[in-house]
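All remarks here apply to the structure that follows.
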Amino acid sequence: MTSPVLAGARVLLGVSGGIAAYKAADLVRRLREAGAEVRVVLTESAARFVTALTFQALSGQPVRSSLWDEAAEAAMGHIELARWADEILVAPASADVLARLAHGQANDLLTTVVLASTAPLSVAPAMNHQMWTHAATRANVETLRARGVRVFGPASGAQACGETGEGRLLEPLDLIAELAAARGPRPLAGLRVLVSAGPTFEDIDPVRFIGNRSSGRMGFAIAEAAVAFGAEVELVAGPVALPTPTGVRRRDVRSAREMREAVLTAVPSSDIFVSAAAVGDYRPAEPSALKLKKTGASRALELVQNPDILAEVGRLAPRPLLVGFAAETDDLELHARDKLERKGLDLIAANRVGENLGFECAENALLLLWPGGREELAQADKRVLARALLQRVAARYRETRGATP
Ligand code: C5P
């Protein structure tokens with residue numbers, strides 16, 4: 001389907017060596033369907049996984065992989081290729097190519113073209129999950145991000161090496177959605193977005209607590225997408241093991257009461273509050289200062305209710321546009337609509353928990369409800385969903401508060 005922001009775009013697709021290189025063939029086809037002109041550069045190792053002929057047939061253009069190709073350099077040399085591109089996308093981007101790009105190397109055609117081009121650069125990493133989490137790769141990715149390079153994915157799941165983890169190439173359509181969003185209008189420009197994310201931990205004693213299975217991924221993905229959409233973003237995070245998305249101001253908290261304080265402090269300077277945190281409803285009435293000892297008998301733990309942060313913000317006037325989440329195991333729409341009304345929300349994102357969706361997963365599916373409307377967002381990577389959710393949030397903001405400043 002033609003995409004208004006990709007139609008006519010001249011996309012240079014760099015394909016580096018890795019088993020995910022075969023997916024780049026479909027990506028070429030999809031980019032062309034979106035209306036883009038595509039030229040492909042293969043690295044030498046990519047050419048061991050896939051053939052230039054495949055990409056030539058799909059792009060309808062000659063494919064290059066060497067700096068030392070005399071005929072090609074006579075026709076469209078690497079400098080012309082660098083000037084021709086108005087987008088450079090490296091997909092898949094191997095750990096090696098990320099390292100070389102981070103260090104500004106120009107030791108093959110792809111890295112030379114990147115250095116010689118002023119076109120925005122996007123990379124879609126794909127590699128074994130240990131390579132992705134290695135400190136060297138992390139540092140290279142941070143260097144690239146700090147330089148304004150867009151990093152799409154990677155997704156989590158089964159890997160070609162037989163292991164499971166983060167490091168899969170995003171699917172071609174998800175990559176196109178990311179590229180279109182990065183090139184497209186910034187629907188939250190000028191707005192201040194507050195996001196809460198993750199679980200809360202309620203202490204029983206100095207070593208034990210009551211927590212929940214929220215990973216924080218959805219909220220972090222929303223914070224990241226809000227930055228990409230042009231917002232100024234503040235993130236109040238419960239205890240999670242996730243890196244702070246670039247450009248986000250983060251405040252770490254532990255309990256629901258700490259989260260309440262951080263949120264209420266930030267609310268007066270926020271235009272939109274997305275409450276993605278799984279706030280614990282109860283806490284131990286009297287946490288013990290000392291570690292509780294085994295007594296040989298059963299023990300009762302008295303719980304008192306925590307403040308409902310979102311409902312409290314809903315009672316403020318003026319208040320930011322309010323977006324809540326509802327994780328439900330049954331009667332999704334009924335319970336979510338009830339929460340929308342009871343908490344005075346402008347929009348609620350409901351998801352069914354269980355069935356490998358929702359908590360602790362990289363993917364989710366959402367049902368968006370607002371007064372007088374609904375929209376279903378099909379199962380996708382949480383980062384892709386976050387963008388779709390924020391598109392709807394931006395539309396709600398315009399409908400209820402007028403134009404963005
Ligand atoms: O009532 P329920 O917990 O299902 O509502 C979920 C929504 O309310 C989420 O957006 C969550 O962040 C918020 N919430 C809150 N404070 C609580 C409980 C939930 O802000 N104590």
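Remember, it's 1-based here, ligands and their atoms both numbered in the order they're listed.
Closest to atom 16 (N) of ligand 1 among all protein heavy atoms lies Ile309 N, 3.0 Å. Looking at atom 10 (O) of ligand 1, its nearest protein heavy atom turns out to be Ser275 O, 2.7 Å. Among protein heavy atoms, atom 5 (O) of ligand 1 sits closest to Lys343 NZ, 3.0 Å. In this structure, atom 20 (O) of ligand 1 lies nearest to the protein heavy atom Leu310 N, 2.8 Å. Ranking the protein heavy atoms by distance from atom 9 (C) of ligand 1 puts Phe325 O, 3.1 Å first. Atom 4 (O) of ligand 1 has its closest protein heavy atom at Lys339 NZ, 2.4 Å. Here the protein heavy atom with the shortest distance to atom 21 (N) of ligand 1 is Pro307 O, 2.9 Å. Among all non-hydrogen protein atoms, the one lying nearest atom 18 (C) of ligand 1 is Asp281 OD1, 3.6 Å.
Listed by number with element, the atoms of ligand 1 under 4.0 angstrom from any heavy atom of Gly324 are 10 (O).
Neither the backbone nor the side chain of Ala256 has a heavy atom within less than 4.0 Å of ligand 1. Under 4.0 angstrom from ligand 1, there are no non-hydrogen atoms of Asn306.
Atom OH of Tyr397 and atom CG of Leu390 lie 14.0 Å apart (nearest 0.5 Å).
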Quiz item: Could you go step by step and tell me if Lys23 and Glu171 meet the side chain to side chain contact (heavy atoms under 4.5 Å, CB included) rule?
Solution: CA-CA 8 Å; Lys23 288 193 188 169; Glu171 292 304 320; 3.2 Å; yes

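Side-chain contact between Leu115 and Thr111: absent, with no pair of heavy atoms (C-beta onward) separated by less than 4.5 Å. At a threshold of 4.5 Å between non-hydrogen side-chain atoms, the residues Val240 and Phe220 count as touching. Contact of the Leu179 side chain with the Ser122 side chain is registered, since non-hydrogen atoms from C-beta on lie closer than 4.5 Å.
Checking only distances, Ala277 does come within under 3.5 Å of ligand 1, N or O to N or O. Between Ser196 and ligand 1, no pair of N/O atoms sits closer than 3.5 Å.
Nearest approach of Ala197 to Ala277, heavy atoms of both residues: N-CB, 3.7 Å. The minimum heavy-atom distance linking Val313 with Pro320 is given by the pair CG1-CD, 4.1 Å.
In terms of modelled atom types and a separation under 3.5 Å, the side chain of Arg147 and the main chain of Ala102 share a donor-acceptor contact.
Remark: Arg138 is positioned above the aromatic ring of Trp132, its terminal NZ or CZ atom under 6.0 angstrom from the ring centre and at most 45 degrees off the axis.
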